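A quick note: this is a predicted structure, and the numbers were derived from the prediction, not measured. Count residues from 1 along the sequence. Numbering of ligands and ligand atoms starts at 1, following listing order.
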Amino acid sequence: MKTVSVCFICLGNICRSPTAEGVMRHFVEEAQLTDRILIDSAGTGDWHIDEAPDERAQHAARQRGYELGMLRGRQLKSADFERFDLLVAMDERNITALRQVCPPAQRDKIHLLMEFVPETDDRWHGAREVVDPYFGGKEGFEQVLDQCEAACRGLIAELRARLLA
Ligand code: 4NP
């Protein structure tokens, strides 16, 4: 059976990429595609290895029905470029960090999350980055969730198309 795999990438792997992972897992479960779409996340930095997501990210996600408590921080490793079909980054800084270590043959796998926002989404279509909420207030975590929900709707459509291709 054909599968597709995606790894969400941010800096610390405790705020944005676990949020994207939690939202995407929920959407994939709703679509009954858990055995076809494989999801993970990682950070480019090494500060939060084995830590649970930031409490503020967990709380904001839980309010919308997404559970992040079982996730643990990990750092990107070179095998991830082989293992995943898509590496989906939150911001341009993540993209730069990914490109620095990505084997040339795998470069097409690297994308910004916001590239997947559907054109019909008036609020988020055209946005490029998911801004780091770590040093800000709780409204930043709400915005991360809004952006992850918008982009993951488009991402699941893209992955469905790949499964059928
Ligand atoms: P994230 O947020 O990249 O969305 O997980 C951050 C978390 C921690 C740090 C930076 C960003 N930090 O500097 O520790």
Side-chain angles (χ1 to χ4, degrees), residues 5-29 37-102 106-107 109-118 121 123-156 158-159:
S5 56
V6 51
C7 188
F8 296 103
I9 306 291
C10 64
L11 185 58
N13 194 214
I14 55 163
C15 297
R16 292 166 293 173
S17 61
T19 299
E21 179 176 351
V23 169
M24 192 64 183
R25 283 190 183 282
H26 191 94
F27 286 7
V28 166
E29 277 167 30
I37 299 179
L38 313 177
I39 310 160
D40 198 2
S41 65
T44 59
D46 64 359
W47 310 287
H48 301 289
I49 293 170
D50 291 331
E51 286 180 26
D54 187 288
E55 287 293 340
R56 299 164 295 172
Q58 287 195 55
H59 178 77
R62 199 170 292 124
Q63 301 272 329
R64 299 193 193 192
Y66 309 114
E67 183 53 49
L68 310 184
M70 67 296 188
L71 303 176
R72 292 293 176 270
R74 76 171 182 93
Q75 189 175 24
L76 174 79
K77 51 181 190 270
S78 54
D80 291 328
F81 293 105
E82 270 297 328
R83 190 173 145 218
F84 293 99
D85 297 310
L86 285 174
L87 291 118
V88 176
M90 299 298 131
D91 64 23
E92 299 282 4
R93 181 180 172 187
N94 308 148
I95 294 272
T96 302
L98 284 167
R99 286 195 181 135
Q100 276 170 357
V101 291
C102 181
Q106 319 279 9
R107 279 192 156 212
K109 294 180 174 182
I110 300 174
H111 294 270
L112 277 170
L113 178 66
M114 297 309 278
E115 287 175 34
F116 296 99
V117 173
D121 188 318
R123 183 169 174 211
W124 293 115
H125 185 69
R128 283 191 62 75
E129 297 196 311
V130 182
V131 175
D132 187 349
Y134 188 66
F135 295 106
K138 67 179 183 191
E139 64 288 347
F141 290 85
E142 296 300 333
Q143 182 166 310
V144 169
L145 277 161
D146 291 344
Q147 290 186 272
C148 288
E149 287 176 339
C152 286
R153 284 200 183 90
L155 179 57
I156 200 163
E158 164 68 23
L159 297 182

Is the side chain of R56 donor-acceptor paired with the backbone N or O of Y134 at a distance under 3.5 Å, no angle test?
yes
How about L76 and V101: do any of their side-chain heavy atoms sit closer than 4.5 Å?
yes
Check: R16 N/O within less than 3.5 Å of ligand 1 N/O
yes
Name the option, out of D91, D54, D46, D132, that contains the heavy atom nearest to atom 10 (C) of ligand 1.
D132
Is R64 salt-bridged to E142, cutoff N-O under 4.0 Å?
yes
May I ask you to identify, for M90, whether its side chain, its backbone, both or neither come under 4.0 Å of ligand 1 on a heavy-atom basis?
neither
Which ligand 1 atoms are under 4.0 Å away from a heavy-atom of C15?
1 (P), 2 (O), 4 (O), 5 (O)
For ligand 1, which is the ligand I care about here, please tell me if L11 has any N or O atom under 3.5 Å from one of the ligand's N or O atoms.
yes
Below 4.0 angstrom from a heavy atom of G12, which ligand 1 atoms are there? Numbered from 1 as shown, please.
1 (P), 3 (O), 5 (O)
Please work out whether any backbone atom (N, CA, C, O) or any side-chain heavy atom from C-beta onward of I14 is under 4.0 Å from ligand 1, and answer side chain, backbone, both or neither.
both
Main-chain N/O of C7 paired with D40 side-chain donor or acceptor, under 3.5 Å:
no
Polar side-chain atom of Q75 near backbone of G43 as donor-acceptor pair, under 3.5 Å
no
Report, in ascending order of atom number, the atoms of ligand 1 lying under 4.0 Å from any heavy atom of H48.
8 (C), 12 (N), 14 (O)
heavy-atom search around atom 1 (P) of ligand 1 in the protein gives C10 SG, 3.5 Å
Does a side-chain N-to-carboxylate-O contact under 4.0 Å join R16 and D91?
yes
Looking at E51 and R72, is there a salt bridge between them, counting it only when a charged N and a carboxylate O are closer than 4.0 Å?
no
